[in-house]
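Throughout, a chain's letter reflects where its sequence line sits, starting with A, and its residues are numbered from 1.
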Amino acid sequence: MHDFARSVVDWYHANRRDLPWRRDGFTPWGTLVSEFMLQQTPVTRVIPRLEEWLTRWPTPAALAAVPPGEAVRAWQSLGYPRRALWLHAAAVAITEQHDGVVPEDVDALLALPGIGDYTARAVAVFAYGNRHPVVDTNIRRVIARAIDGQAEPGPPGKRDLAAMEALLPEDRAASAAFNAGMMELGAIVCVARTPRCDACPVAARCAWRQAGYPAYDGPKKAVQKRYEGSDRQVRGRILAELRGSHIPVTAAELEAVWPDAAQRDRALAGLLADGLAVAAEGGYTLP
DNA sequence: CAGGCGTGGAC
DNA sequence: TGTCCAAGCCT
C-alpha cells in the first residue's frame, strides 16, 4: 500500500465517527436505504429517518408490500422525494428479481432505479466489502486538492473513477477502509469552506498546500437558483399537503397553498408526471 | 449534458 | 438577507 493510502486508512481507523451504518450487523438493505437518504442530504438529518424506516421496513420485501405513497409519506422532509419513489421501486425489483436480497454486483445495482455510479459502488463496498473505487463529492474534493493541487474538483466525469482506482490499495479490506477514509476525510477535515489542514493526515503530502493554496481557476459551477418562490418550493408545498392527508386533497385546498395559479398548475403537473401524485376521486393523493 | 429536482443549517 | 453547501440521479 502506498504511503498516501496508508495514512488515510490509519487516520480513518482512529477517527471514524460512530454512525448507524457502521455498526456491526448493519444489513445490506440498511446500507442501501442509508445511501439513498444520504444523496444530497446531510448525515444529521438522515439518522432519525433511517432508524424509523428500518424499524418499519426491515427488509426490501416489507417496503415492497406497501404502496409507494407510504414511502413518500415516511420520507417526510428529507428532500428530493423522488428518491423515496425510486427506493420503493428498487425494493420491488429486489423482491421480485433478486429473491429479496440486495445485489452485490455493481452492474446489477446500477440497473435498479435511483442507483447511479456512486450508490452502486457504495453498496458493493460498504455492505459487501468488495473492492471498487467509490467516488462522491467528498472524495472528488480530496483528490482535487491532495493529488491535483486544485482548490476544487472540475466537472464530474468517468476519469474520477480512474483517479480513485489509481490510489486504491490492492487488499480488499484496506480498499474498503480507504474508500470510507477518503469520504470521512472530505466530510470532517478537507471540507468545502474552511479545510482543517492542521488535523489532516496527508497535509505534508498535499499538492494544494504545497502549491500555496492557489485559488480555483477551472470552469465555473452552475449557480443554484433561489429556492424561495421557485417551482421546487411549490412542489414541496403541494406534496406536504398530500403527505398530511389520508383522503384526496381537493383543487380548492391546493389553491390555498400557493396563490399563483399558473405556477401551481405547473408544479402539480410535474408531480403527476413524476408519479409523486395521482388524480383521485375529488382531488389528488399520494400514489 | 445542462438543468431540474427539496430542505435546512452555517456563515 | 443572500449564498453556499450537503454520501446524486435522471432526462
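- One finds the CD1 atom of A:Ile47 at 5.5 Å from the CG atom of A:Leu19 (value rounded to the nearest 0.5 Å).
- Contacts with DNA chain B (heavy atom under 4.0 Å) in residues 171-188 of chain A: none are found.
- For the residue pair A:Arg205 / A:Ser7, a side-chain donor-acceptor distance below 3.5 Å is found, with atom types taken as modelled.
- Taking CG of A:Asp148 as the start and CZ of A:Arg141 as the end, the distance is 14.0 Å to the nearest 0.5 Å.
- Look at A:Lys221 and you'll find a side-chain N or O under 4.0 angstrom from OP1 or OP2 of C:dC5.
- Nucleic acid contact class of A:Thr119 (heavy atoms, under 4.0 Å, all strands): sugar-phosphate only.
- As judged by a 4.0 angstrom heavy-atom cut-off over every strand, A:Trp21 is placed among the base-contacting residues.
- Within 4.0 Å of A:Ser34, counting heavy atoms only, lies no atom of the nucleic acid at all.
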Nucleotide N/O of nucleotides 8-11 of chain B paired with protein N/O under 3.5 Å:
none

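- A:Ala222 comes within contact range of no nucleotide atom at all, as no heavy-atom separation falls under 4.0 Å.
- Side-chain contact check for A:Arg83 and A:Gln39: no donor-acceptor pair (N or O, by modelled atom type) lies under 3.5 Å.
- Note on A:Arg121: nothing from the nucleic acid sits closer than 4.0 angstrom, heavy atoms only.
- Looking at every heavy atom in both residues, A:Arg196 comes nearest to A:Ile188 through NH1-O, 2.9 Å.
- Residue A:Arg82 places none of its side-chain N or O atoms closer than 4.0 Å to OP1 or OP2 of C:dC9.
- If you check every strand for non-hydrogen atoms under 4.0 Å, A:Pro81 touches sugar and phosphate atoms only.
- In terms of phosphate contacts, A:Gln39 brings no side-chain nitrogen or oxygen within less than 4.0 Å of OP1 or OP2 of C:dG8.
- Donor-acceptor pairing under 3.5 Å is recorded for the side chains of A:Glu35 and A:Tyr118.
- In this structure, the side chain of A:Thr95 does not engage the main chain of A:Ala64 through any donor-acceptor pair within 3.5 Å.
- A distance-only check finds no donor-acceptor pair linking the side chain of A:Arg266 to the backbone of A:Asp231 [under 3.5 Å].
- Contact annotation: A:Arg141 reaches the phosphate of C:dA6 (side-chain N/O to OP1 or OP2, under 4.0 Å).
- Among the atoms of the strands shown, base atoms are found under 4.0 Å from some heavy atom of A:Arg17.
- If you check residues 103-118 of chain A against DNA chain B, you find no residue with a heavy atom closer than 4.0 Å.
- The distance between atom CZ of A:Arg73 and atom P of B:dG6, rounded to the nearest whole Å, is 17 Å.
- Put simply, A:Lys225 has a side-chain N or O that comes within less than 4.0 Å of OP1 or OP2 on B:dG4.
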